[in-house]
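Just follow the structure's listing: the first ligand is 1, and inside any ligand the first atom is 1.
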Amino acid sequence: MSKILTIGEILVEIIATERGDGFREAINLVGPYPSGAPAIFIDQVGKLGQPCAIVSGVGRDDFGEVNLDRLREDGVDVSGIEIDPQGTTGSAFVRYRADGSRAFVFNIRNSACGTIPFTDNVARLVNECSHLHVMGSSLYAPSVVDSVQRAISRIKSKGGTVSFDPNLRAEILDSPGMRQALHAVLAQTDVFLPSGEELFLFADAKSEEEAVAKLLATGIKVIVLKRGAEGATYFDAQGSVQGPGFAAEEIDPTGAGDSFGATFVTFWLNGAKPSVALDYANASGARAVMKSGPMEGASTRAELDAFIALQRGHQA
Ligand code: ATP
Ligand code: MG
C-alpha cells in the first residue's frame, strides 16, 4: 500500500463561540483543537488505515502535545515532526461572521513550524512514501517551499504521485514567493483539488469547462472541484462524474475540504472508481462539518459506510 506524505503547518485552533467580526473585544473562546490543513488531511488518511506521515514542527508545549497525541492515536507516523524546545506550537484563532465567512488570526510563520528544513530525517521519510499531498496554505516560508519541492522531485522521480489543494486564505496569500510556489507545485500535480473559485486562479478561463480543459492540457490527470453542500465534480481526460453532497447539519465547515481531499486521494490511490471515491469523499466532508473543531469530524471507513448506508436509506 502506498504511504502518503504531507509537509506543512501544525496548529491548534481556538474558536470564538459567538459569531461576529474578528477579535477586537473580549469574547468567549473554545479550544485548543488539533489543526492545520495538512494535519487535518493526514489525520483523516490515518483514520482510514492508510500508511501516512507528516513533516512539520511543534514546540515542547501543551499545544504540541494536543496534536502529537491525536495524530499518533489516529495512525499517523509522527517521526517527521520536530519538537523544538525553544519554539512555540502554531495557532489560529477563528471567528465566524454572521454571513458564514471566517476571520482568522494566524501564528504560523513565527511558530515552531515557521521553518521546515529538508533534514536527513525528512529525506528518510520521503524515501518511504510514494505520494505527496501539498496544501497551498503550507507554502508560507522559503524553507517549507524548498522542502516541498525537494519531496516532489524525489517522489515523482521514482514514479510516485502528487495531489494539491490550493486551500487559499486571504490572510496568507501574500506571503513572499507564495504565488510562484503555487504555480511550481501545480506544474507537478497529478490530482488537483480546488474549491469553488480556486479553479480559476490557475487558468485564465470564462467557464468551468474551459478552465478544466486548460488545466488537464497542462498534464494534470484528475481534477476534483469541491462545491460545499452540493458535493463535488470529478474531471479527467475521459470526461466528468458528478458526486452529489450528502445532507448534513453544518456546525463547523473548517476542515471539510481537507477531510474530503484525504478520503478522495486515499480511495484514488487504492484504485477506486471515480464515483466511489467521490461518494466516500463527500461523506467524509459531510461528517466533518457536523462537528465543532477542524479535526473532530474525521471518519473511519466503518463510519463512512454507516453514514452512506443511512443516507441512502439502507440498513448500515
Ligand atoms: P475548507 O474550508 O475546509 O478549506 P473547502 O472550501 O476546501 O473547505 P468545501 O467545498 O467547502 O471545501 O467542502 C468540501 C467537501 O465537504 C464538499 O465537497 C462536500 O463533500 C462536503 N461539505 C462541505 N459542506 C457541506 C455541507 N454543508 N453539507 C454536506 N457536505 C458538505
Ligand atoms: Mg479547502
Side-chain angles (χ1 to χ4, degrees), residues 6 8-9 11 13 15 33-45 92 94-97 99-104 106 108 133-139 163-173 182 191-202 208 222-235 240-268 274-299 303-304 307-308 310-312:
T6 191
E9 67 276 21
L11 321 168
E13 185 163 305
I15 307 171
Y33 291 106
S35 189
I40 300 163
F41 174 96
I42 213 70
D43 187 73
Q44 175 59 80
V45 173
V94 58
R95 188 176 190 188
Y96 286 88
R97 301 189 185 95
D99 66 2
S101 66
R102 289 168 282 190
F104 289 97
F106 286 115
I108 301 176
H133 179 75
V134 183
M135 288 288 181
S137 58
S138 302
L139 305 173
S163 51
F164 174 45
D165 179 344
N167 202 37
L168 296 176
R169 301 280 179 259
E171 286 87 343
I172 47 178
L173 187 57
L182 288 165
V191 180
F192 182 46
L193 297 152
S195 156
E197 292 300 305
E198 287 171 352
L199 180 68
F200 297 96
L201 283 170
F202 303 95
E208 214 173 270
V222 166
I223 300 171
V224 183
L225 180 61
K226 292 168 276 172
R227 303 181 191 275
E230 308 297 310
T233 312
Y234 170 101
F235 303 91
S240 68
V241 181
Q242 288 292 341
F246 291 100
E249 189 195 352
E250 187 173 301
I251 307 287
D252 180 357
T254 307
D258 312 330
S259 301
F260 174 100
T263 302
F264 181 84
V265 167
T266 300
F267 277 78
W268 180 78
S275 60
V276 173
L278 278 178
D279 268 356
Y280 279 97
N282 278 319
S284 186
R287 279 182 46 87
V289 305
M290 291 160 63
K291 286 233 176 95
S292 183
M295 212 186 272
E296 307 309 300
S299 309
E303 285 167 337
L304 295 178
F307 180 78
I308 293 170
L310 192 70
Q311 291 249 347
R312 302 253 157 94

Checklist outcome for this item: Within the 4.0 Å heavy-atom cut-off, what Arg227 brings close to ligand 1 is backbone
Checklist entry - If you measure from each non-hydrogen atom of Asn282 to ligand 1, which part falls under 4.0 Å: side chain, backbone, both or neither? => result both
Checklist entry - Counting each atom of ligand 1 from 1 as listed, which ones have a heavy atom of Asn167 under 4.0 Å away? => result 4 (O)
Next on the checklist: Just to be sure I read this right, does ligand 1 sit under 4.0 Å from the backbone of Pro253, its side chain, both, or neither, counting only heavy atoms?
Outcome noted: backbone
Next on the checklist: If I compare all heavy atoms of Val224 with all of Ala232, which pair ends up nearest, and what's the gap?
Outcome noted: CG1-CB, 4.1 Å
Item to check | Residues in salt bridge (charged side-chain N to carboxylate O under 4.0 Å, His left out) contact with Glu303, at least two apart in sequence or another chain | outcome: Arg287
Checklist entry - With backbone taken as N, CA, C and O and side chain as the heavy atoms from C-beta onward, which portion of Lys226 lies under 4.0 Å from ligand 1: side chain, backbone, both, or neither? => result both
Item to check | Minimum heavy-atom distance between Glu9 and Ser137, given as atom pair plus value | outcome: OE2-OG, 2.8 Å
Checklist entry - Out of curiosity, Asn282 CG to Gln242 CD, how far, rounded to the nearest 0.5 Å? => result 10.0 Å
Checklist entry - Heavy atoms only: which of Gly228, Ala232, Gly285, Ala37 is nearest to atom 17 (C) of ligand 1? => result Gly228
Item to check | Heteroatom proximity flag, Ala248 to ligand 1, N/O under 3.5 Å | outcome: no
Next on the checklist: Tell me whether Gly255 has any N or O atom under 3.5 angstrom from an N or O of ligand 1.
Outcome noted: yes
Item to check | Proximal ligand 1 atoms for Gly231, defined as those under 4.0 Å from one of its heavy atoms | outcome: 17 (C), 18 (O)
Item to check | Closest approach of Gly255 to Ile40 (non-hydrogen atoms, all atoms of both residues) | outcome: O-CG2, 4.0 Å
Item to check | Close N or O approach (Arg102, ligand 1; < 3.5 Å) | outcome: yes
Checklist entry - Does a donor on one side chain and an acceptor on the other come within less than 3.5 Å for His133 and Ser163? => result yes
Item to check | Atoms of ligand 1, numbered as shown, that sit under 4.0 Å from any heavy atom of Glu250 | outcome: 24 (N), 26 (C), 27 (N)
Checklist outcome for this item: Checking heavy-atom distances from atom 28 (N) of ligand 1 to each of Ala256, Ala229, Ser137, the winner is Ala229
Next on the checklist: Using 30° and 60° as the class boundaries, would you call the ring planes of Phe164 and Phe202 parallel, tilted or perpendicular?
Outcome noted: perpendicular
Item to check | Distance-only N or O hit between ligand 1 and Ser195, under 3.5 Å | outcome: yes
Item to check | Asp279: partners by side-chain hydrogen bond (donor to acceptor under 3.5 Å, both in side chains), with sequence neighbours left out | outcome: Arg312
Next on the checklist: Need the ligand 1 atom indices (1-based, order shown) with element for anything under 4.0 Å from a heavy-atom of Phe246.
Outcome noted: 28 (N), 29 (C), 30 (N)
Checklist entry - Roughly how far apart are Met295 CE and Asp258 CG, rounded to 0.5 Å? => result 9.0 Å
